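Convention: sequence-line order gives letters A, B, ...; per-chain numbering from 1. Note: hydrogens, waters and symmetry copies are ignored here, and every other heavy atom, side chains too, is used. Just so it is clear, the structure is predicted and the values come from calculations on it, not from any experiment.
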Protein chains: 2
Amino acid sequence: METKVSKKAASCPVETTLKVLSGRWKVLIIQFLLERPRRFGELSRCLGPVSARTLTKQLRELEEDGLILRKDFEQISPKVEYSVSELGKMAEPILLAMGVLGEALENRMEKSSRISKKTDAHG
Amino acid sequence: METKVSKKAASCPVETTLKVLSGRWKVLIIQFLLERPRRFGELSRCLGPVSARTLTKQLRELEEDGLILRKDFEQISPKVEYSVSELGKMAEPILLAMGVLGEALENRMEKSSRISKKTDAHG
DNA sequence: CTGAATCCTTTGTGATACTG
DNA sequence: CAGTATCACAAAGGATTCAG
């Protein structure tokens with residue numbers, strides 16, 4: 001297995017993924033949904049300061065792009081559950097790789113600055 | 001006091017990476033620099049419609065975050081070369097995973113629409 | 001609880017003109 | 001060539017309000 005980005009053909013799929021995952025919360029949404037299916041409110045809580053409007057929008061886009069599934073229980077007291085689709089599960093390697101890089105970055109950040117300023121917390 | 005860190009702690013590195021790679025061109029910049037070092041103008045050309053201002057800014061941020069290196073040859077006719085750092089090379093798995101997902105997405109896009117056009121035509 | 005609709009602020013990025 | 005400075009605009013996201 002070559003650890004080498006094939007020279008040109010690879011850039012298009014990357015851009016596609018870029019578009020699909022573009023949005024402040026999408027990657028995090030997938031991250032939490034990879035753990036287990038979650039309801040709207042639950043997601044909202046574990047993501048942190050996301051507005052209902054934005055969360056709804058990004059969930060809809062992720063759904064439309066086939067990464068997540070939305071199940072509406074259609075009860076009087078609304079209950080909707082989101083989960084990752086098979087396609088969405090293919091995002092896990094990305095998340096893992098991002099985690100690896102992220103740790104290296106945090107290590108290095110002992111000396112540098114740019115990101116350390118605003119560490120986003122959950123709740 | 002037991003600073004009990006839950007499983008959510010795993011999301012922090014991901015968020016760090018998210019911040020660092022956030023920006024319309026950053027991932028693509030790294031992709032092209034992983035192939036080989038490139039000069040400013042060369043990058044500008046292979047990225048596509050990016051303004052000098054934006055490219056400069058994102059390059060500076062990537063440099064500050066330690067992902068890329070900037071070498072100024074300090075000649076009369078300006079020559080600057082960018083390359084990925086050791087840290088930047090750790091982004092390659094992300095790129096590869098994004099490529100894999102991207103291809104799956106493109107496959108699926110035969111049926112769906114959101115991304116298939118350059119700019120979203122929804123609203 | 002899970003949204004939709006509206007308004008508003010912030011942020012990102014491009015266009016243009018200019019410099020060493 | 002490799003930027004910098006300024007302006008302008010669009011898009012993203014938040015706050016608030018309303019609804020089933």
Side-chain angles (χ1 to χ4, degrees), chain A residues 15 18-30 32-33 37-65 68-83 114-115 117-118 120-123, chain B residues 15 18-30 32-33 36-65 68-83 114-115 117-123:
Chain A
E15 284 187 73
L18 235 29
K19 263 180 217 165
V20 165
L21 294 186
S22 188
R24 184 166 175 185
W25 306 100
K26 289 188 181 177
V27 169
L28 266 13
I29 289 170
I30 292 179
F32 286 113
L33 291 187
R38 291 176 195 266
R39 295 178 60 180
F40 184 89
E42 190 186 359
L43 263 179
S44 183
R45 279 187 299 278
C46 62
L47 283 174
V50 58
S51 65
R53 175 189 176 278
T54 298
L55 181 52
T56 300
K57 193 187 172 201
Q58 309 216 345
L59 285 169
R60 290 279 191 278
E61 290 178 354
L62 285 172
E63 186 195 2
E64 189 179 354
D65 292 330
I68 68 173
L69 302 172
R70 178 181 184 272
K71 176 169 185 181
D72 191 336
F73 287 82
E74 296 180 19
Q75 350 177 120
I76 306 296
S77 195
K79 176 178 177 181
V80 177
E81 195 174 76
Y82 294 91
S83 58
R114 216 192 116 241
I115 320 128
K117 46 189 175 187
K118 182 174 123 191
D120 191 17
H122 313 272
Chain B
E15 284 187 72
L18 234 31
K19 266 180 215 165
V20 164
L21 294 186
S22 189
R24 183 165 174 187
W25 306 100
K26 288 188 181 176
V27 170
L28 266 12
I29 289 170
I30 291 179
F32 285 113
L33 291 187
R36 77 184 86 100
R38 291 177 196 266
R39 296 178 59 180
F40 183 91
E42 190 185 358
L43 263 178
S44 181
R45 279 188 300 278
C46 63
L47 284 174
V50 58
S51 65
R53 175 187 178 279
T54 299
L55 182 52
T56 299
K57 193 185 171 201
Q58 309 214 344
L59 284 169
R60 291 278 191 277
E61 289 177 356
L62 286 172
E63 186 195 0
E64 188 179 354
D65 292 332
I68 68 174
L69 302 172
R70 177 181 185 273
K71 176 169 185 182
D72 190 336
F73 287 81
E74 297 179 17
Q75 354 177 119
I76 307 296
S77 195
K79 176 176 175 180
V80 177
E81 197 175 75
Y82 294 92
S83 58
R114 216 193 117 243
I115 324 132
K117 359 187 170 160
K118 178 133 193 171
T119 24
D120 176 65
H122 256 285

If the cut-off is 4.0 Å, is [X] near the phosphate of [N], judged by side-chain N/O to OP1 or OP2?
| X | N | value |
| --- | --- | --- |
| Gln75(B) | dA2(D) | no |
| Tyr82(B) | dG3(D) | yes |
| Arg70(A) | dT2(C) | no |
| Arg45(A) | dT2(C) | no |
| Arg60(A) | dT2(C) | no |
| Arg38(A) | dT2(C) | no |

[X] side chain to [Y] backbone, donor-acceptor under 3.5 Å:
| X | Y | result |
| --- | --- | --- |
| Glu81(A) | Lys71(A) | no |
| Arg70(A) | Glu63(A) | no |
| Thr56(A) | Ala52(A) | yes |

Take the protein atom [atom1] of [X] and the nucleotide atom [atom2] of [N], then report the distance between them rounded to whole Å.
| X | N | atom1 | atom2 | value |
| --- | --- | --- | --- | --- |
| Arg24(A) | dT11(C) | CZ | P | 9 Å |
| Leu55(A) | dG14(D) | CG | C1' | 13 Å |
| Glu63(A) | dT2(C) | CD | P | 15 Å |
| Gln58(A) | dA12(D) | CD | C1' | 8 Å |
| Leu62(A) | dA12(D) | CG | P | 14 Å |
| Asp72(B) | dT4(D) | CG | P | 11 Å |
| Leu59(B) | dC1(D) | CG | C1' | 14 Å |
| Trp25(B) | dT11(C) | CH2 | C1' | 17 Å |

Choose from [options] the nucleotide whose nearest atom is closest to any side-chain atom of [X].
| X | options | result |
| --- | --- | --- |
| Thr56(A) | dA4(C), dT13(C), dT2(C) | dA4(C) |
| Arg53(A) | dG3(D), dA5(C), dT13(C) | dA5(C) |
| Thr54(A) | dG3(C), dG14(D), dA2(D) | dG14(D) |
| Ala52(B) | dG14(D), dC1(D), dG3(D) | dG3(D) |

Where is the tightest heavy-atom contact between Phe40(B) and Leu59(B), given as atom of each residue plus distance?
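Closest approach of Phe40(B) to Leu59(B): CD1-CD1, 3.8 Å.
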
5'-most by nearest nucleotide on DNA chain D - Val50(A) or Ser77(A)
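Between the two, 5'-proximity favours Val50(A).
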
In terms of the nearest nucleotide of DNA chain C, which residue is placed more toward the 5' end: Ile76(B) or Lys79(A)?
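Comparing both residues, the 5'-ward one is Lys79(A).
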
Criterion side-chain contact (heavy atoms from CB on, under 4.5 Å) on Asp65(B) and Leu21(B), from CA distance to verdict:
CA-CA 10 Å; Asp65(B) 292 332; Leu21(B) 294 186; over 6 Å; no

